Amino acid sequence: MHIQDCTENTCVDQIQKIFHTAEVEIQRKKRVKVKLRLDLVPLFLSYARDYLNFKHLAHISCVDWIEENEFELIFMLWSYEASLMIMVKTRVNREKPEFITLSHLWPQAETYEREIHEMYGINFKGNERLGEFILEDWEGVPPMRRDFDTIRYSKENFYQRPGREDAQDVRETISKHSGEEVPDFAKEFSIRRIEE
């Protein structure tokens with residue numbers, strides 16, 4: 001059955017009819033949120049594309065839930081006919097984060113997967129292009145993981161390099177140009193203050 005006019009309510013009803021374990025809710029006007037078990041996500045995405053008319057993969061994102069030892073993958077699908085977005089969420093284990101590539105459904109998924117692989121370390125099985133993408137010669141913890149120490153990395157790789165002796169805190173420079181003062185809570189995170 002191909003749904004032509006998928007409203008928020010008809011979309012929710014149809015998803016719940018087919019995917020009984022899905023947690024589905026209307027998040028707001030023109031947006032439906034779906035939480036699924038990891039193994040159901042590829043099937044659901046294919047179903048949403050082919051039967052619910054969500055032809056456009058708008059984005060794939062990731063959230064690091066370090067306290068729960070999981071990453072959350074978020075898939076944003078758009079229906080041009082209904083002017084409606086489905087936000088599909090699932091969790092992967094942080095210890096061995098893996099998911100299947102979606103490039104067979106949407107070619108542009110390859111680019112999102114490459115970025116998430118590089119920034120979070122999630123392996124997308126079947127994506128042959130998961131090598132170096134944005135970062136050059138990167139070693140160690142992927143930089144978007146919450147256990148990545150940004151301050152330490154900056155101090156080790158940038159701030160103390162030769163030629164950086166006159167480096168300024170970017171917030172101070174922006175403050176001078178804009179005439180706005182740096183908020184007190186942000187001042188404590190200055191690299192200079194941390195070194196003192």
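Small disclaimer: the values here were computed from a predicted structure and weren't measured. For the single chain, residues carry numbers from 1 onward in sequence order.
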Is a donor on one side and an acceptor on the other found under 3.5 Å between the side chain of Tyr47 and the backbone of Ile15?
-> no

same_hphob_cluster(Leu40, Ile122) at 4.5 Å side-chain heavy-atom cutoff = yes

Trp138 atom CH2: more than 12 heavy-atom contacts under 6.0 Å = yes

Is it true that atom CE of Met87 has more than 12 heavy atoms of other residues, nucleotides or ligands lying nearer than 6.0 Å?
-> yes

Mind checking whether Phe75 and Phe99 have parallel, tilted or perpendicular rings, split at 30° and 60°?
-> tilted

Would you find a donor on one side and an acceptor on the other, under 3.5 Å apart, between the side chain of Glu70 and the backbone of Arg91?
-> no

Donor-acceptor under 3.5 Å (Glu110 side chain, Asn127 main chain) = no

With no hydrogens and no angle check, is any side-chain donor or acceptor of Tyr120 less than 3.5 Å from a backbone partner on Phe71?
-> no

What do the steps show when you test His117 against Phe124 for ring-ring contact (aromatic ring centres under 6.0 Å, His included), and what is the final call?
-> CA-CA 7 Å; His117 172 74; Phe124 288 88; 7.7 Å; no

Just by modelled atom types, is the Lys125 backbone N or O under 3.5 Å from a matching donor or acceptor in the Glu98 side chain?
-> no

Between Gly121 and Pro97, the two heavy atoms sitting closest are O-CG, 3.6 Å

Between the main-chain N or O of Arg146 and the side-chain N or O of Asp64, is there a donor-acceptor pair closer than 3.5 Å?
-> yes

Apply side chain to side chain contact (heavy atoms under 4.5 Å, CB included) to the pair Leu57 and Leu105, showing each step before the final yes or no.
-> CA-CA 9 Å; Leu57 173 67; Leu105 296 175; over 6 Å; no

Under a 4.5 Å side-chain heavy-atom rule over Ile, Leu, Val, Met, Phe, Trp and Tyr, are Phe54 and Leu45 clustered together?
-> yes

Scanning both residues in full, the closest heavy-atom pair of Leu36 with Val34 reads CG-CG1, 3.8 Å

Side-chain (Glu118) to main-chain (Leu135) donor-acceptor, under 3.5 angstrom = yes

Going hydrophobic residue to hydrophobic residue with side-chain gaps under 4.5 angstrom, can you get from Ile74 over to Phe19?
-> no

Can you tell if the side chain of Phe44 reaches within under 4.5 Å of the side chain of Ile86, non-hydrogen atoms only?
-> yes

Would you check if the side chain of Glu113 reaches a backbone N or O of Leu102 as a donor-acceptor pair within less than 3.5 Å?
-> yes

What heavy-atom pair brings Ile26 and Asn9 nearest, and what distance separates the two atoms?
-> CD1-OD1, 3.1 Å

Between Arg114 and Leu130, is there a donor-acceptor pair closer than 3.5 Å when you use the side chain of the first and the backbone of the second?
-> no

Okay, side chain of Lys30, backbone of Glu8: is any donor-acceptor separation there less than 3.5 Å?
-> no

Taking every non-hydrogen atom, the tightest pair across Gly126 and Thr101 | C-CG2, 3.6 Å

Describe, in one word, how the ring planes of Tyr153 and Phe148 are oriented to each other, choosing from parallel (under 30°), tilted (30 to 60°) and perpendicular (over 60°).
-> tilted

